[in-house]
Number of protein chains: 2
Amino acid sequence: MIKKFRSSCPIASTLDILGDKWSLLLIRDMLIKGKKTYKEFSLSDEKIATGILASRLKQLEAFGFITKRKLPDNKKENIYLLTEKGIDLAPLIVEVTLWGEKHMRVHNPRINSYDELKADKTLAINMVTENYRKVAAQIIG
Amino acid sequence: MIKKFRSSCPIASTLDILGDKWSLLLIRDMLIKGKKTYKEFSLSDEKIATGILASRLKQLEAFGFITKRKLPDNKKENIYLLTEKGIDLAPLIVEVTLWGEKHMRVHNPRINSYDELKADKTLAINMVTENYRKVAAQIIG
DNA sequence: TCATTTTACTTCTGTTTTGAAAGTAATATT
DNA sequence: AATATTACTTTCAAAACAGAAGTAAAATGA
């Protein structure tokens with residue numbers, strides 16, 4: 001997985017990897033919705049194509065956002081879990097959610113409210129990350 | 001500028017518009033670097049292609065992130081300025097910067113430090129947005 | 001046990017997007 | 001009046017994407 005970076009800017013470098021329409025949604029699915037298998041990802045609301053899903057998982061793993069493992073009692077399913085690097089995207093995901101809720105509903109009226117998030121951003125981030133860590137630890141036993 | 005949204009998720013809807021490698025960099029150039037003309041954008045460190053630049057500016061304008069105007073004494077240059085919707089991306093941009101600085105340097109060693117940002121996030125956001133508003137107001141007279 | 005289903009992909013094909021270069025038209029400068 | 005600058009558009013090859021179909025191993029059901 002070779003990757004050339006366009007500049008020395010941290011924003012540009014982040015977009016060099018996460019700057020597409022799917023990568024951050026996979027992180028969202030893991031962090032917020034607790035998804036962990038290929039099948040679960042493939043059933044997303046946004047209908048990701050299976051080829052794109054495979055390539056994104058590969059890239060996210062190559063760059064250390066996620067890990068891939070098998071559980072002892074299941075030789076078929078792969079379990080994808082966020083690393084600290086991936087979990088650290090929680091504040092970013094919260095900001096995107098808040099911005100999107102505030103400014104995108106005018107374009108997409110279907111967007112829901114997230115009042116809990118607005119009320120206490122820091123608390124929301126902590127709850128999401130703590131919850132994820134707990135659930136992940138439970139999965140790997 | 002028609003656009004179909006993939007789902008009711010605010011993250012997905014935001015990515016439907018900003019989920020590419022260039023849009024957020026243009027916002028960055030305006031908000032942080034004070035760029036405002038086509039020429040200035042085209043001279044970015046990341047070497048955006050002129051066709052992509054034109055299409056992104058068009059989309060950002062169509063979705064109300066930026067406005068396009070001419071100054072009374074210059075019939076040639078167009079001045080692009082962020083709207084409130086665009087300025088509101090400051091917290092998101094700060095989060096991306098901080099995340100990128102923390103986690104991307106391992107992949108791209110050229111990335112610089114942003115200690116001021118880390119020290120006080122809220123202050124940094126306020127300074128950037130207040131500065132932008134002031135500079136923009138001065139430009140339009 | 002053996003057929004069926006499930007999971008996790010890969011492959012194929014047509015379409016869309018991107019990137020690099022060149023071209024154009026109006027305005028501004030020398 | 002000639003040249004340069006600005007803001008694009010156009011062109012075209014290459015890369016990325018989307019949807020459908022196919023494959024192989026593992027798990028399940030009869």
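Proteins get letters first, then strands, A, B, ... in listed order; numbering begins at 1 in each.
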Find the distance [X]:[atom1] to [N]:[atom2] and express it as a whole number of Å.
{"X": "B/Lys36", "N": "D/dA7", "atom1": "NZ", "atom2": "P", "answer": "10 Å"}
{"X": "B/Lys70", "N": "C/dA26", "atom1": "NZ", "atom2": "P", "answer": "12 Å"}
{"X": "B/Leu43", "N": "D/dA7", "atom1": "CG", "atom2": "C1'", "answer": "13 Å"}
{"X": "A/Lys35", "N": "C/dT7", "atom1": "NZ", "atom2": "P", "answer": "14 Å"}
{"X": "B/Asn78", "N": "C/dA25", "atom1": "CG", "atom2": "P", "answer": "18 Å"}
{"X": "B/Glu61", "N": "D/dA7", "atom1": "CD", "atom2": "P", "answer": "14 Å"}
{"X": "B/Tyr80", "N": "D/dA7", "atom1": "OH", "atom2": "C1'", "answer": "7 Å"}
{"X": "B/Lys3", "N": "C/dT16", "atom1": "NZ", "atom2": "P", "answer": "14 Å"}

- Item | Nearest heavy atoms of A/Pro91 and B/Glu95, plus distance in Å | CB-OE1, 3.5 Å
- Give the minimum heavy-atom separation between B/Ser42 and B/Ile48, together with the two atoms involved.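 The pair with the smallest heavy-atom distance is CA-CG2, 4.2 Å.
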- Task: Scan nucleotides 15-27 of chain D nucleotide by nucleotide, 5' to 3', and note B when protein non-hydrogen atoms come under 4.0 Å of the base, S if they reach only the sugar-phosphate, - if neither.
- Result: --SSBBB----BS
- Task: Would you indicate whether A/Gln138, at its atom CD, is surrounded by more than 12 heavy atoms from other residues, nucleotides or ligands within a distance under 6.0 Å?
- Result: no
- Message: Does anything in residues 76-92 of chain A form a salt bridge (charged side-chain N to carboxylate O under 4.0 Å, His left out)? List the pairs, not counting sequence neighbours.
- Response: A/Glu84-A/Arg133, A/Asp88-B/Lys102
- Taking the six-membered ring for Trp, are B/Phe65 and A/Trp99 parallel (under 30°), tilted (30 to 60°) or perpendicular (over 60°)? parallel
Under 4.0 Å between any heavy atoms, over every strand shown, what does [X] touch: base, sugar-phosphate, or nothing? Just pick one.
{"X": "A/Lys68", "result": "sugar-phosphate"}
{"X": "A/Phe41", "result": "nothing"}
{"X": "A/Lys58", "result": "sugar-phosphate"}

- Item | Pairing of B/Arg105 and B/Glu101 as salt bridge, 4.0 angstrom limit |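 Yes, charged N to carboxylate O under 4.0 Å.
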- Query: Does anything in residues 32-41 of chain A pair up under side chain to side chain donor-acceptor pair (under 3.5 Å), and if so which pairs, sequence neighbours excluded?
  - Reply: A/Lys36-A/Glu40, A/Thr37-A/Glu40, A/Tyr38-A/Thr50
